[in-house]
Amino acid sequence: MNMISMKRLFLLAAAPLALFLQTVKAQYAVYPASARLAKPIENALFYSLPQNAYRLTVEVEETIRERGVYSDYAEKMLKLPAIKENTVSYKIKHIEIKTLALPDPKQVYCVQGTELPALNLSPNGILRGVNIENPRPDREHPRQRGENEAFRRNRLQGESTESFEEKPVTALQVTDLNIRQKFDTIVRRYQTDTNTVIEKVLRPVVDEKSLAEQARKMADQIFKIQAAKAELISGLQEVAYPAGTIEFMYRQMEKNEREYMDCFTGTVRHQTVSYSFDITPQEGVLEYPVALFSPEYGIESADSEDSEGDKLVFRLSLLPFAGAEAAEFQKANTIKDKPAGFYYRMPCMATASLVYNGEEIESREVFVAQWGNVFQLPVRSHYRLRLDAQSGGLLYFGSERDKIPGTK
């Protein structure tokens, strides 16, 4: 055997050994952070698994009915029904249940070794992947990005948007409706030696009209507007107005007529108020009182002593999942003397629903990550993994040479 053949044989024999040494050198171990913080740590990285909270957004429609100034005369003068008393009522318009991903303080881990892998973390420290550069956005990640920001609104105070079916009257474009002018006759007598001079003087006096007189005056204005509208669209007016001018004039007449009508029929306003509540499930607790609601008073705090209404309850109903069987299998097959790799979670699934007065009014399936089981991967070199940032579940575990589905 010549020198070249012996050199080739040596290289072939040394290759597996070099690969083995490289693999050993690249190995790492992952520990619960609570067990490692008391010891000196070099080349350590930290990450956490997520826990799930839920943001309930309850939109309540508030309906405000206000009687008009002349509501008592609506039937008599205009033959129209009218609101007789001021009332406020509420109804639940829409409910939304969003899942939030927050770092679980009980599931924080330390990655320690001579050559640490590259971790892809969310801004709040939740592990999303290992040795991946361009991970595909998680299923709800774009939406969760905004949801995980600090809660900006008070728990029982929301932003309201108003939409009016009937615009309340603020000012009328007709003057001299509430007062009238009359003349009193003043008799002045002047005595002289021979006769008496009587002088009659007319003095104007202004007094307030009665409510009935004011209503009659406004009713007459409504009739005049209706007649003017009919004349305008009939084409019998003296001036041939352009089409755009006629449309503008007609709309202005309708606006004035509606404002005057409101004084008789009353006004109805609708506004939508949004209330937000954050709930983080605790172990073994399936129901969480959210607030009180009643059609008369709307949303009120469940802790208020003077509050009235039935409770809005957030309820979790667990769904079957394989986490318990997987945990038993791993427990029976784990070799504890061997260095272990990254932790991931098989999350629990549940049906989240909002219940009012014993009836379910909204529901959806959600993760309850903190109720699931946590598992540990083996240590591998040149491997990639990707986790779901919302639940902590394992989405991909494979070689660096393989293309991760959904990545560039």
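Side chains are part of it too, since the values below use all heavy atoms of this structure and drop only hydrogens, waters and symmetry mates. These figures come from a predicted structure and were not determined experimentally.
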Tell me the closest heavy-atom pair linking [X] and [Y], and the distance in Å.
X	Y	value
L49	Y343	CD2-O, 3.7 Å
T280	N52	CG2-O, 4.3 Å
S48	D104	CB-O, 4.3 Å
A101	A389	CB-O, 3.5 Å
P281	A53	CD-CA, 4.4 Å
L116	Q112	CD2-C, 3.6 Å

Next on the checklist: Going by the rule side-chain hydrogen bond (donor to acceptor under 3.5 Å, both in side chains), which residues pair with Q107 if we only count those two or more places apart in sequence or in a different chain?
Outcome noted: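 Once residues adjacent in sequence are excluded, the partners of Q107 under the side-chain hydrogen bond (donor to acceptor under 3.5 Å, both in side chains) criterion are Y109.
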Item to check | Counterpart residues, side-chain hydrogen bond (donor to acceptor under 3.5 Å, both in side chains), relative to R315 (two or more places apart) | outcome: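 Only E287 meet the side-chain hydrogen bond (donor to acceptor under 3.5 Å, both in side chains) criterion with R315.
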Pairwise distance [atom1]([X]) to [atom2]([Y]) - rounded to 0.5 angstrom:
X	Y	atom1	atom2	answer
M253	E231	CE	CD	8.0 Å
H270	E61	NE2	CD	5.5 Å
L121	L45	CG	CG	8.0 Å
R251	I246	CZ	CD1	13.0 Å
I126	L387	CD1	CG	10.5 Å
S276	E59	OG	CD	9.5 Å

Report yes if the side chains of [X] and [Y] come closer than 4.5 Å at any heavy-atom pair, otherwise no.
X	Y	result
L211	V69	yes
V366	L316	yes
I92	L312	yes
L78	M261	yes
E96	H94	yes
S89	R65	yes
V268	I64	no
R216	D220	yes

Verify, without hydrogens or angle tests, whether [X] (side chain) and [Y] (backbone) share a donor-acceptor contact under 3.5 angstrom.
X	Y	result
R67	K84	yes
N131	A118	yes
Q376	V30	yes
S71	I83	yes
R364	I97	yes
R345	A369	yes

Checklist entry - Taking F342 as the fixed residue, which of F375, Y28, Y31 is the one that meets the ring-ring contact (aromatic ring centres under 6.0 Å, His included) rule? => result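 Per the ring-ring contact (aromatic ring centres under 6.0 Å, His included) rule, the option paired with F342 is Y28, out of F375, Y28, Y31.
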Checklist entry - Checking side-chain contact (heavy atoms from CB on, under 4.5 Å) for the pair Y344/L385: CA distance, chi angles, key distance, verdict? => result CA-CA 10 Å; Y344 71 98; L385 66 93; over 6 Å; no
Item to check | Working for side-chain contact (heavy atoms from CB on, under 4.5 Å), residues Q370 and K106 | outcome: CA-CA 9 Å; Q370 57 269 38; K106 298 180 181 179; over 6 Å; no
Checking [X] now: which residues fulfil ring-ring contact (aromatic ring centres under 6.0 Å, His included) with it, not counting sequence neighbours?
X	answer
Y383	F397
Y90	none
Y288	none

Next on the checklist: side-chain contact (heavy atoms from CB on, under 4.5 Å) for I225 and K229? Distances and angles first, verdict last.
Outcome noted: CA-CA 6 Å; I225 291 176; K229 285 169 54 182; 4.1 Å; yes
Item to check | CA sep, side-chain torsions, deciding dist, call: R258, E254, salt bridge (charged side-chain N to carboxylate O under 4.0 Å, His left out) | outcome: CA-CA 6 Å; R258 184 170 61 250; E254 278 195 328; 5.6 Å; no
Run the side-chain donor-acceptor check on residues 348-357: report pairs under 3.5 Å with partners two or more places apart or on a different chain.
| residue | atom | partner | partner atom | Å |
| --- | --- | --- | --- | --- |
| Y356 | OH | F293 | O | 3.3 |

Next on the checklist: Taking NZ in K311 as the centre, count heavy atoms belonging to other residues, nucleotides or ligands within less than 6.0 Å. Is the count above 12?
Outcome noted: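 It does not: K311 NZ has 12 such atoms or fewer within range.
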Checklist entry - Can a salt bridge be assigned to the pair K217 and E213 using a cut-off of 4.0 Å between side-chain N and carboxylate O? => result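 So K217 does not pair with E213 through a salt bridge.
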Item to check | Output field: ring centroids Y260/F223 closer than 6.0 Å | outcome: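 No; F223 has its ring centre 6.0 Å or more from that of Y260.
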